[in-house]
Structures are given as C-alpha cells and as structure tokens.
Student: 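Encoded as structure tokens, here's the structure I'll be asking about.
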Amino acid sequence: MSNFSLTKSQQQALLQAARSAQLKAYAPYSNYKVGAAVLDEQGRIHSGCNVENAAYPEGLCAEAAALSAMVLASGSRALAVLVVGNGNAGGWTTPCGGCRQKLREFGAAEMPILVANATELGPRYTLSALLPESFGPDHLNAG
C-alpha cells in the first residue's frame with residue numbers, strides 16, 4: 001500500500017465528505033468542529049465528526065468516528081484520510097496523537113493524510129511523518 005496514489009476525484013470526494021461531516025459536529029464546549037473522511041480498500045468513503053461530552057475525556061474525535069464507520073461497513077484498511085478543521089491563527093488541524101495511533105491500526109506508513117479548512121486544501125502528510133517509528137499490528141505475533 002505504500003505505492004497508493006490518491007486521484008484528484010478521490011481527493012475531492014474526501015474533501016466534500018469531510019466538510020459535510022464537519023457541519024454536523026457536536027462541539028458545544030469548544031466550538032472546534034472537525035470532520036474527517038477515510039477512503040477504504042474497496043474505494044468507499046466513510047466520514048465522521050467530533051462529538052464532545054460534558055465529561056471532556058469522553059468525547060469522540062472525527063477520525064475515530066470515520067474509522068468506526070469504515071469498520072461498521074466491513075472495511076479493513078484505510079488508504080487515505082482527509083481532516084477538516086478551522087485551526088487557530090490560520091493553522092491546520094491534524095489528527096491528535098490518539099487518532100494518529102488509531103489510524104496506524106488500519107493504515108500503512110505512507111498513507112496520505114490531507115488537511116483542509118472551509119476554503120482551501122492544506123498540506124499533505126504521510127502517517128509516518130505524523131507518527132514516526134510507530135507501533136502497530138505488525139509488531140504483534142498474531143499467530
């Protein structure tokens with residue numbers, strides 16, 4: 001999967017799905033709405049939004065919600081991810097540390113992770129750039 005190349009139409013579909021998800025985010029405490037979209041191994045796109053909770057650590061990140069939707073739809077590999085947020089001072093919203101690890105569970109080191117805001121597409125990263133020297137399923141003896 002390290003040779004996966006994201007087409008422009010896949011990128012646009014991910015962007016549209018993530019922006020639509022962001023609009024549905026439940027963020028009454030921080031007002032920091034995030035949407036995410038994951039492209040799976042079957043070419044399907046799964047989206048998710050962040051859902052906050054009054055007990056702050058019990059909230060759900062958009063990336064985790066999108067991965068959950070992927071698993072629910074019988075997807076098993078994430079090929080690409082796009083995250084939409086409105087970072088402070090013009091910054092970009094990248095996956096938090098916990099979501100980077102969750103993405104590692106389903107994605108290859110070179111999986112593209114794109115970020116965007118309401119008006120433009122931002123930088124493109126790889127999972128290994130955001131989570132170097134990661135620990136994942138391949139480190140465990142499954143048999």
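We number each residue from 1, following the sequence as shown.
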Student: Got a sec, which residues hit side chain to side chain contact (heavy atoms under 4.5 Å, CB included) with Thr119, two or more places apart in sequence or on another chain?
Tutor: Asn117

Student: Tell me, please, which residues at least two apart from Tyr32 pass ring pair (Phe, Tyr, Trp, His ring centres under 6.0 Å).
Tutor: none

Student: Using the ring-ring contact (aromatic ring centres under 6.0 Å, His included) rule, collect all pairs that involve residues 34-54, keeping only residues at least two apart or in two chains.
Tutor: none

Student: Enumerate the residue pairs fulfilling ring-ring contact (aromatic ring centres under 6.0 Å, His included) with a member in residues 117-137, sequence neighbours excluded, ordered by first and then second residue.
Tutor: Phe135-His139

Student: How long is the straight-line distance from OG of Ser47 back to CG of Leu14, given to the nearest 0.5 Å?
Tutor: 10.0 Å

Student: Under 4.5 Å between side-chain heavy atoms, hopping through other hydrophobics if needed: is there a path connecting Leu23 to Leu15?
Tutor: no

Student: Counting C-beta onward and ignoring hydrogens, is there a side-chain heavy-atom pair between Pro112 and Val81 closer than 4.5 Å?
Tutor: no

Student: Any side-chain hydrogen bond (donor to acceptor under 3.5 Å, both in side chains) involving residues 7-17? Give me the pairs, sequence neighbours left out, ordered by first then second residue.
Tutor: Thr7-Ser9, Thr7-Gln10

Student: Tell me, please, which residues at least two apart from Gln42 pass side chain to side chain contact (heavy atoms under 4.5 Å, CB included).
Tutor: Asp40, Arg44

Student: Quick one: list whatever passes side-chain hydrogen bond (donor to acceptor under 3.5 Å, both in side chains) with Ser74, sequence neighbours left out.
Tutor: none

Student: Kindly indicate whether the side chain of Cys61, heavy atoms from C-beta on, has any atom under 4.5 Å from the side chain of Val34.
Tutor: no

Student: Any pair with a residue in residues 47-68 that passes salt bridge (Lys or Arg N to Asp or Glu O under 4.0 Å), sequence neighbours left out, goes on the list, sorted by first then second residue, please.
Tutor: none

Student: Are Val84 and Val51 grouped together when hydrophobic residues (ILVMFWY) are joined by side-chain heavy atoms under 4.5 angstrom apart?
Tutor: no

Student: Could you tell me if Thr94 and Arg100 have a donor-acceptor pair between their side chains, going purely by distance under 3.5 Å?
Tutor: yes

Student: With sequence neighbours excluded, tell me which residues meet side chain to side chain contact (heavy atoms under 4.5 Å, CB included) with Ala25.
Tutor: Lys33, Cys49, Asn50

Student: Is a donor on one side and an acceptor on the other found under 3.5 Å between the side chain of Glu41 and the backbone of Ser76?
Tutor: yes

Student: For residues 116-141, which residue pairs pass the salt bridge (Lys or Arg N to Asp or Glu O under 4.0 Å) check, not counting sequence neighbours?
Tutor: Arg104-Asp138

Student: If I compare all heavy atoms of Ile113 with all of Leu130, which pair ends up nearest, and what's the gap?
Tutor: CD1-CD1, 3.9 Å

Student: Are Leu60 and Leu82 co-members of a hydrophobic cluster defined by side-chain heavy atoms under 4.5 Å apart?
Tutor: no

Student: Taking side chain to side chain contact (heavy atoms under 4.5 Å, CB included) as the definition, give me every residue that meets it alongside Thr126, ordered by chain and number, with sequence neighbours left out.
Tutor: Glu110, Ser128, Ala129

Student: So, do Val83 and Pro95 sit near enough that their side-chain heavy atoms are less than 4.5 Å apart?
Tutor: yes

Student: Restricting to side-chain hydrogen bond (donor to acceptor under 3.5 Å, both in side chains), what partner residues turn up for Ser20, sequence neighbours left out?
Tutor: none

